[in-house]
Amino acid sequence: MKEFTYARANSPAQAATIAAASGTKVIAGGTNLLDLMKLQIETPSQLVDINRLPLDKIEDTPDGGLRIGTLVRNSYLAADQRVRERYGVLSRALLSGASAQLRNKATTGGNLLQRTRCMYFYDTTKPCNKRTPGSGCAALAGFNRMNAILGGSDQCIAVHPSDMAVAMRVLDAKVETVDPAGANRVIPIADFYRLPGTTPQIETTLRAGEIITSVTLPPPPPGTQIYRKVRDRASYAFALVSVAAVVDAVGGRIRSARIAFGGLAPRPWRISGADEALSGVPVGAAGFDAAATAALDGARGYGGNDFKIPLARRTLHAVLTQVTRA
Amino acid sequence: MYENQIRPGAVTRRVVLEVGTAASAVLISGRSSSALAADVPNAPPPVPPVTVELLINGRKHSVSLDPRATLLDALREHLALTGTKKGCDHGQCGACTILLEGRRINSCLTLAVMHDGQAITTIEGLAAGTKLQPLQALFVAHDGFQCGYCTSGQICSATGMLSEHQAGMPSLVTADLAKPRPELTEAEIRERMSGNICRCGAYPNIVAAIKQAAEMPA
């Protein structure tokens, strides 16, 4: 690990001011950042610790939703009675990620900001445009079994690894921030992640020094919520494909549906056409197929990850079948 | 008055182990980081050590360390509490599991300086003197280990897991999330313990030990 100076923040705006300095990283749970620092993939010269800030509460909002402080640990968010009863897809997504020890440490904001687990991002002897802009992408023609089939570019096909973010996306969460001037901003999660294009090192729409203070959930959408994760082992592994869905079906007909995929793209993948393909259609394979086709429009494999296209289609089928079973 | 890292004159197994290698180690890598930095022209000044107060197993310790020191390295290298093991050092194996304010975490993926003033329980803090805590005794009774390297992490993790279950926290295999406290089945134990790897494969006996501990009256 490279040397750094350590500072503890007294307020969110002060943390943002410190964080705006070049070479500074914010640390909360630290479970991803410290791993990357040990490997010298991240080499901050200063850390600003926000763990003592009062941003660790889950509060009801006047509209019937929830405001989740950025420091709420993943395990506590998953176990919150309101989340378990009204946002089951979020609880399940959180519980399917990492291990209990990591969930006890990892925070809400940190989960959103975790970096990809692309093996070439981690291998400092190989080119990676995300780690070293302009160096190339070794995944395109390399071992790309875990990489993206949607949303990638000829510069980067890294996948966003979060499960929580996929549930947040299907629930239309909003990310609340503070900047060094103390100004607040609300970013819909649909606009939070950038696709790699020619700048894969820039992953979100956060500005210099801007810090996440909380994430809000609107009131739960009507319907049954589900999260299904397909992976190489039964627990403690990243998704090959995951599906978050909220489906409102009555009498053999779907009234409304929302679906989002994890494991396929540089951000949680939600396509309005897929939701629309399920709206008002009878429960059954024809509607499920149409939704899968819309969601996977433009998907391409790079050799090792070709299997993800049929796997995503089948996982969506399984999820929709399960959630619409009377 | 703080309990300091190694009491003067106390001969521990660790001290004995280090005696044989100390002289040669100093010759090879014994220079401090500040001495190294001073040799490099235009190098930034070395980051001064920070003083951190930790409440470990009920005793206050004040340690001066590099901000880079993980909690795991602070325990093992600065405080000679070597019961906590370093396996992968990347949060993947669980050998370094300790309890932070009663909550199980990987001590390798956190910095000691972040925990100034906080309470930490390690494997050394579980037994009362020579009397093993029930979970420890059950690991022995069920032969819940082979080489033993993952065992302190397994036991600290299981301790944290049982309190999480007592507090009503769900797991991915919990069928009904709304139910306050699911039955601690084998499937529940396996899922909740998936952050602790045992390369000897003692899992069936580890699960049996934990299951019996869970069934004991509190």
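Chain identifiers are assigned alphabetically (A, B, ...) following the order of the sequence lines, protein sequences preceding nucleic acid strands; residue numbering begins at 1 within each chain. Given the structure is predicted, the values throughout are model-derived calculations rather than measurements.
- A distance of 6.5 Å separates CD in E164(B) from OG in S75(A), rounded to the nearest 0.5 Å.
- Contact count against chain B (heavy-atom pairs under 4.5 Å) is highest for R52(A) among R233(A), R52(A), R73(A), E85(A).
- Closest heavy-atom contact between S235(A) and E191(B): OG-OE1, 2.9 Å.
- Taking every heavy atom of both residues into account, L177(B) and S91(A) meet most closely at CD1-CB, 3.8 Å.
- Using modelled atom types, no side-chain atom of N106(B) and backbone atom of Q101(A) make a donor-acceptor pair closer than 3.5 Å.
- One finds the NZ atom of K105(A) at 8.5 Å from the CG atom of L109(B) (value rounded to the nearest 0.5 Å).
- Between L172(B) and K229(A) the shortest side-chain heavy-atom distance does not fall below 4.5 Å.
- We find the CE-OG1 distance between M37(A) and T70(B) to be 11.5 Å, quoted to the nearest 0.5 Å.
- Proximity to chain A (any heavy atom under 4.5 Å) is shown, for P48(B), by neither the backbone nor the side chain.
- With hydrogens and angles disregarded, a donor-acceptor distance shorter than 3.5 Å links the side chain of R84(A) to the backbone of K179(B).
- Side chains of E101(B) and N104(A) form no contact here, defined as non-hydrogen atoms less than 4.5 Å apart.
- Note that CG of L34(A) and NE2 of H90(B) are 11.0 Å apart. Values are rounded to the nearest 0.5 Å.
- For a residue to count as touching a neighbouring chain, one of its non-hydrogen atoms must lie under 4.5 Å from one of that chain's; by this rule T110(B) touches chain A with backbone and side chain alike.
- Shown here for M114(B) and Y6(A), the closest heavy-atom pair between the two residues is CA-OH, 3.6 Å.
- For N51(A), the part lying near chain B is the side chain, with the backbone staying farther off; criterion is any non-hydrogen pair under 4.5 Å.
- Contact of A28(A) with chain B is made through the backbone alone, with heavy-atom distances under 4.5 Å.
- The contact between I27(A) and chain B is made entirely by side chain atoms (from C-beta outward), counting heavy-atom distances below 4.5 Å.
- Residue S45(A): no heavy atom, backbone or side chain, is found under 4.5 Å from chain B.
- By the 4.5 Å heavy-atom criterion applied to side chains, D66(B) and E3(A) are counted as neighbours.
- Counting only heavy atoms from C-beta outward, the side chains of L47(A) and L111(B) approach each other to under 4.5 Å.
- By the 4.5 Å heavy-atom criterion applied to side chains, L95(A) and P170(B) are counted as neighbours.
- Of the atoms belonging to R104(B), heavy atoms from both backbone and side chain fall under 4.5 Å from chain A.
- The line from OH of Y76(A) to CZ of R103(B) is 5.5 Å long, rounded to the nearest 0.5 Å.
- In this structure a side-chain-to-backbone donor-acceptor pair under 3.5 Å is missing from R68(B) to K38(A).
- The minimum heavy-atom distance between V113(B) and R8(A), with the atom names listed, is O-NH2, 3.0 Å.
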